Structure formats: C-alpha cells, structure tokens
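Only one structure is covered here, and it is reproduced in the block below.
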Amino acid sequence: MLLNSKPRLELRLIGLCTHLATHRYASKSGDKVSNEVLQQMEDDFKNLSESKSKSLLKRHLTKEIFDKLKTKTTPSFNSTLLHCISSGLCNHDSGVGLYAPDPEAYKVFADLFDPVIEDYHKCFRKTDKQPATSFGKGKDFENLDPDCNFIVSTRVRCGRAIVGYPFNPCLMEKDYKDLENQICAATMSLTGEYKGSYMPLTGMDKVVQDKLIEDHYLFKEGDRFLAAAGASRFWPTGRGIFLNDAKNFLVWCNEEDHIRIISMEKGGDLGKVYDRMVGGVEALGKKLKFNRDERLGFQTFCPTNLGTSIRASVHIKLPNLMCQPDHMEELAQKYRLQIRGTSGEHSEAKGGVHDISNQRRMGLTEYEIIKEMHDGIKGLIAAECQAKSS
Ligand code: ARG
C-alpha cells in the first residue's frame, strides 16, 4: 500500500486505555480532527500536565505546542497528534511516550518531535543532519571480555522500515500480511551463515514461543507502551521471527518496526557480532527497499531509534559497581550508556545481570555509535575492577 493512497479513518487503538481504544482518530471529513478527538486530547493532556510523569513527552509538550499541533493531520494517512502521544498519555511512566504513526508525522509534528529527539539523542538539533551510513569494520573492536569474567552475551540490532508503508498505527491487516510475505521471502533467500527459517507467530506453539522469549530470541507479547500506541492491532497477524541455523542471527517481523535485524552470541566479541549484523543488513537490503530520510536517517516508529537505529548491548555482571548505584548511573551518563533490566526495557535485573547499551543512535555514523558503546563498556569494566580492589 502506498503512502499516497486514501487516508485511513478507522484507526483504532487496542491498549490499556479503554477510552482511547474505541474512538476514531480523525473525522469523517478527511483532513480535520473531530471534536471528540480534540476533547479526548485536551482531557488527557491536562492529566499528563498535572501528573508527576518524567517522560520526555511531558517535558516537551508545552501548552503552546499542544495548541499549535492539536488540529494538524498528516497528508497521506490523516494521523493526528493523538496518534503520536497516546502511549505517553496512557502510560505516565513512559521514558519518552511518543511514536510516529507514519513517516510524515516527523515533519507535521516536528515542533514536538524535534525537541524530544534533541533531548534523547543528546543534542541532535533540528538543524542537524544524520551522517551518511558508514558501517566501518568490526575487526577494529577488540573482544570486550576475552576471559569471560563480566559479559554474558553481546547483541547488536538495527531497525528498518520498508518504503511505501506507514508505521503500526496506520497498517491494516493486509499490509501486515504483505510486509510479512516480503520479509519472509527476503530472509529465506539468505545463504551461508545466514541460512535459516522463518517462523510466523500465527499458529506458533505456545511452548516454542515461550522458550524463544526466555532465550531472548523473540520479542515479548503485550507491551503496554506499544499497545497504547496502536502497535498491537491484528496481533499476531504478520508477526514472526527468522532464525539462522546457528541461532546467532535473527530478524523480527512487524513487531515495533517493520524489521529488526539482530546479531547475538555468548561472550563479548562485539566486532564479530557487529560484522554479522552488518552482513545481514546488506544482504537484506538487496531484496528490500529500506526507508531512509535525508535528515533523520533510517525511519523508525519510535523517535529513540532514528538515525542509525543501532542498539548495541551486553548482558553484563558488575557486582561491585552495582553496590554503588549512584556511581554506576554517573558513569552511564558519562559514557552515554543506557542501563536496562535483563529482559530488556521496563524489566528487572535478574541475578545481577544488566543489559547495557548505547543510549543515542543519531548524529554519529554506525561505526561511531558502536565505538561509543565499546569505549563505554570498557570504561565500566575498568571501574568494576577498581571498585573490587578498593
Ligand atoms: N515508549 C516507551 C517509553 O517511552 C519506550 C521508548 C523506547 N523504547 C522503544 N522500544 N522504542 O518508555
């Protein structure tokens, strides 16, 4: 389905916010926001403003910007401000709280997206431009933990959108199926170390699914942040996972983004993991047309993933540093790292294992993003050794 096809009027949310779940977003007249949607936004905006939410949405959605944007819609899909902010309105504990329903939303609602992007990606200003893609070579990065003292596993992923399709809130059931067909065919054509099989979520055995989630291969179901953003519609239609035979290269289909391309393995050999992801992206890029914006880089549903869309992470044990949470947080800030729980964001650190990754994905090339993460993890390991001996 093409971006300039007829506007979608029947966009519904399946989320925790039942009041947001049933109404229509845009008026029948096509390009105007209905009174019902306006009222909904006003009420929810007031609630957010009066809340203790620490989200970037709350910080940057001032009354002035809200009033300026509340009646705007995107040209091809009729997406409203409510599409963009519903997740943060529903979930006051969001870190960010904002998603782009279609690529045009980044421009139409730029007065909100730009400051959030600048804040999250540490100074990517609205006048800045994402540098051209430059992967470099993974061999420049040494193994971060050759003796396996700290790092349990390493993972590098990126996200891609396929040209011609909007993001989740505007995708219809047929779009999900079309995208899945394209992505499945592309992955199944991979050869060599990438050869593997595609497993659709539809009809997947529950035991198999749970095991894939437990082993950190598959995405979890029922993320309330995504659901409230309208990203769980028609679930599990069109969703699935491709896994290579060696189980160290994966592709997620239609979860948060159209595609997530992932490389992972035990230990700390970042360069090897990175090179494998790059090889996979390049091979898939020969079959699929990825959507890249001149200024923002690769197009993703969430503004936190724009630019390179790369998140490089380790599952790591830093027992001594963990006893000094303030110091650890200070170091994370210094190295621009993000600390998450063991099962990804909004989860707990089980058995002292943290998931630590680069925070920003924009303003640097792919190579520079990996270097930033590499140097930061190295710094944390050095600090752990120091904390142990003092
Ligand atoms: N919307 C969620 C929040 O604001 C997630 C943000 C970043 N993570 C992501 N998977 N896009 O906390």
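Values in this document were obtained by computation on a predicted structure and should not be read as measured data. Atoms within a ligand are numbered from 1 in the order they appear, just like the ligands themselves.
Proximity to Gly97 (heavy-atom distance under 4.0 Å) selects the following atoms of ligand 1: 4 (O).
Any N or O atom pair closer than 3.5 Å counts here, and Asp93 shares no such pair with ligand 1. Ligand 1 has no N or O atom lying under 3.5 Å from any N or O atom of Phe225, backbone or side chain. For the pair Gly95 and ligand 1, the shortest N or O to N or O distance falls below 3.5 Å. Below 3.5 Å of separation, one finds no N or O of Ser87 facing any N or O of ligand 1. Here's the thing with Cys302: none of its N/O atoms is less than 3.5 angstrom from an N/O atom of ligand 1.
Between Glu50 and Lys46, at least one side-chain nitrogen of the basic residue sits less than 4.0 Å from a carboxylate oxygen of the acidic one, meeting the salt-bridge criterion. The pair Glu255-Arg239 does not count as a salt bridge, with every side-chain nitrogen at least 4.0 angstrom from each carboxylate oxygen.
As a member of the Ile/Leu/Val/Met/Phe/Trp/Tyr network built from side-chain separations under 4.5 Å, Val152 groups with Val353.
Among Leu296, Thr74, Asp114, the single residue meeting the side chain to side chain contact (heavy atoms under 4.5 Å, CB included) criterion with Tyr106 is Leu296.
Within the structure, ring-ring contact (aromatic ring centres under 6.0 Å, His included) pairs that include any residue of residues 371-390 comprise Phe141-His374 (at least two apart or interchain).
Side-chain contact, Ser76 with Glu104: a donor N or O sits under 3.5 Å from an acceptor N or O.
Heavy atoms of Tyr99 approach ligand 1 to within less than 4.0 angstrom.
Of the heavy atoms in Thr304, only side-chain atoms (C-beta onward) come closer than 4.0 Å to ligand 1.
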